[in-house]
Every structure is written in C-alpha cells, then in structure tokens.
Amino acid sequence: MKQALYIDCCVRGAASRTRRLADAFFAALGKDWQVTRLDLTQEELRPLCGAYFEERESLLREGRTDHPRFDRAHRLAEAELVVVAAPFWDMSFPALLKLYIENVSVEGITFRSTAEGLKGLCRAERCVFLTSRGGAYPDGDPMEQAVPYLRAIQRFFGIGGLDVIAADGLDLDGADVNAITAAACERAAALARAL
Ligand SMILES: Cc1cc2nc3c(=O)[nH]c(=O)nc-3n(C[C@H](O)[C@H](O)[C@H](O)COP(=O)(O)O)c2cc1C
C-alpha cells in the first residue's frame, strides 16, 4: 500500500466546508492508498519557545532525531502523498497549521543543510492543498498568502509539487455556497482519481 498523510486543520470540524473538499478527495482516492489522518485540533501542538525550544536544540546537537517529539516529522518525511486541508484565515491559514509546520521542520528529518544550500528530505511527489475562502482570490493575488507560503514549504521539504483546490468566495453576499463547494469537491475528486 502507498502511504498518504492527511493533515486535517479543519478547525470547525463537521461544519467545515474545507472538510467537504477533503471528504470528496479521499472518497475518490484509489484503494491502493492507505490514509493516516492527523487531526491537528487533537494534537496539542506547542510553539517552539522556552524550555521546549531548548530541548529541541540540545536533542538536535546530540543527533537524537529518534526522540519521540520528532515522530510527526518522520511521518511527514515518509509519506508518499501529503494532503493538507485548512480554511483561509487572516490571509493565510490557522496558526494551528503553522505550529505543525514549525514542529516538523527538523534538520536531518524533513530537510538537511548541504554546501549547495538546504535540501528537502521528504519522499512525497505531491502535496495537495484543499481550502475554502470567504472572499475570492484569483491566482497570484497578493492578499492570498496561504498558497505562496505552502509552495515554499513544499519546495523546502523536497516535495515534488503542490496542487491547490479552493472553494472561493463562500462568504460573499449572494454566494451559492452549495454550488461553489460542489464544484470544488468535483475538482478535488478528479485530482484524487488522477493520482
Ligand atoms: C478566524 C477566521 C478568519 C478568517 N479570515 C478570512 C480572511 O482573512 N479572508 C477571507 O476571505 N475569509 C476569511 N475567513 C472566512 C473563511 O475563509 C471561510 O468562511 C471559509 O470557508 C472557512 O472554512 P471552513 O468552513 O472550512 O471553516 C475567516 C474565517 C474565520 C473563522
């Protein structure tokens, strides 16, 4: 079985429109994929600060990348497909997802330094980003900072490419939320079938 890691940052749970995209994606994904879901709302992620930061620095100085606090980074590095589902918040995504990224950015696991620069160590060929947004943001709109940031992280970790499926404009006056979400779900399902 091929291994997929589903990073679920749908803070509103069952009420989340982003979650609907993720459900459509995984319903269409081939049965040869084994999916591990990481529910970030249940992960008790901590910011790198104070003693928690110092512990990480001393573990890495000692080369102890096998410490349990790095388990999430190993799971990300080993996954063959990474799927991130997160709503658009404050021009990017919830802080919970940034906390996850901060905790899995570990030298020797998800990236390493070389004389030529940083080299990503993750195995996945693709990262899929599923999102929904209150406003509408055409590709490249500078007000949309989730996609550019995740594209940088995808390259940093050595993941081959980033596919983005967004349900846009859901909170605009008169938006047909069901139609917009259904169309995005269909695009998510089509992407999953192509993987
Ligand atoms: C805390 C919070 C921050 C948000 N920030 C923005 C924003 O900056 N721009 C925007 O267009 N919509 C914003 N929204 C609206 C959401 O992007 C939109 O409702 C989205 O569909 C929520 O996804 P969900 O249904 O998966 O929770 C925000 C919503 C919340 C709850």
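Read the numbers this way: they start at 1 and go in the same order the structure lists the ligands and their atoms.
- Using a cut-off of 4.0 Å between Lys/Arg side-chain N and Asp/Glu carboxylate O, Arg17 and Asp171 are scored as salt-bridged.
- Judged by distance alone, the side chains of Gln3 and Glu80 never bring a donor and an acceptor atom under 3.5 Å apart.
- With a 6.0 Å cutoff to the six-membered ring centre and a 45° limit on the axis angle, Arg69 counts as a cation-pi contact of Tyr52.
- Taking the ring pair (Phe, Tyr, Trp, His ring centres under 6.0 Å) definition, one finds that Tyr6 meets it with Phe26, sequence neighbours left out.
- Counting only heavy atoms from C-beta outward, the side chains of Asp163 and Ile165 never approach each other to under 4.5 Å.
- A side-chain donor from one of Thr18 and Ser132 sits under 3.5 Å from a side-chain acceptor of the other.
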Quick check for students: name every N or O atom pair between ligand 1 and the protein closer than 3.5 Å, with distances.
{"unit_1": "ligand 1", "atom_1": "5 (N)", "unit_2": "Asp90", "atom_2": "N", "d": "2.9"}
{"unit_1": "ligand 1", "atom_1": "8 (O)", "unit_2": "Asp90", "atom_2": "N", "d": "3.1"}
{"unit_1": "ligand 1", "atom_1": "8 (O)", "unit_2": "Met91", "atom_2": "N", "d": "3.1"}
{"unit_1": "ligand 1", "atom_1": "9 (N)", "unit_2": "Tyr137", "atom_2": "OH", "d": "3.2"}
{"unit_1": "ligand 1", "atom_1": "11 (O)", "unit_2": "Gly135", "atom_2": "N", "d": "2.7"}
{"unit_1": "ligand 1", "atom_1": "11 (O)", "unit_2": "Tyr137", "atom_2": "OH", "d": "2.7"}
{"unit_1": "ligand 1", "atom_1": "12 (N)", "unit_2": "Gly134", "atom_2": "N", "d": "3.4"}
{"unit_1": "ligand 1", "atom_1": "14 (N)", "unit_2": "Phe88", "atom_2": "O", "d": "3.4"}
{"unit_1": "ligand 1", "atom_1": "17 (O)", "unit_2": "Phe88", "atom_2": "O", "d": "2.6"}
{"unit_1": "ligand 1", "atom_1": "17 (O)", "unit_2": "Gly134", "atom_2": "N", "d": "3.0"}
{"unit_1": "ligand 1", "atom_1": "19 (O)", "unit_2": "Arg17", "atom_2": "NH2", "d": "3.0"}
{"unit_1": "ligand 1", "atom_1": "19 (O)", "unit_2": "Asp171", "atom_2": "OD2", "d": "2.6"}
{"unit_1": "ligand 1", "atom_1": "21 (O)", "unit_2": "Arg17", "atom_2": "NE", "d": "3.4"}
{"unit_1": "ligand 1", "atom_1": "21 (O)", "unit_2": "Arg17", "atom_2": "NH2", "d": "3.1"}
{"unit_1": "ligand 1", "atom_1": "21 (O)", "unit_2": "Ser132", "atom_2": "OG", "d": "2.7"}
{"unit_1": "ligand 1", "atom_1": "23 (O)", "unit_2": "Ser132", "atom_2": "OG", "d": "3.1"}
{"unit_1": "ligand 1", "atom_1": "25 (O)", "unit_2": "Arg12", "atom_2": "NH2", "d": "2.7"}
{"unit_1": "ligand 1", "atom_1": "25 (O)", "unit_2": "Arg17", "atom_2": "N", "d": "2.8"}
{"unit_1": "ligand 1", "atom_1": "25 (O)", "unit_2": "Arg17", "atom_2": "NE", "d": "3.0"}
{"unit_1": "ligand 1", "atom_1": "26 (O)", "unit_2": "Ser16", "atom_2": "OG", "d": "2.5"}
{"unit_1": "ligand 1", "atom_1": "26 (O)", "unit_2": "Arg17", "atom_2": "N", "d": "3.3"}
{"unit_1": "ligand 1", "atom_1": "26 (O)", "unit_2": "Thr18", "atom_2": "N", "d": "3.0"}
{"unit_1": "ligand 1", "atom_1": "26 (O)", "unit_2": "Thr18", "atom_2": "OG1", "d": "2.6"}
{"unit_1": "ligand 1", "atom_1": "27 (O)", "unit_2": "Arg12", "atom_2": "NE", "d": "2.8"}

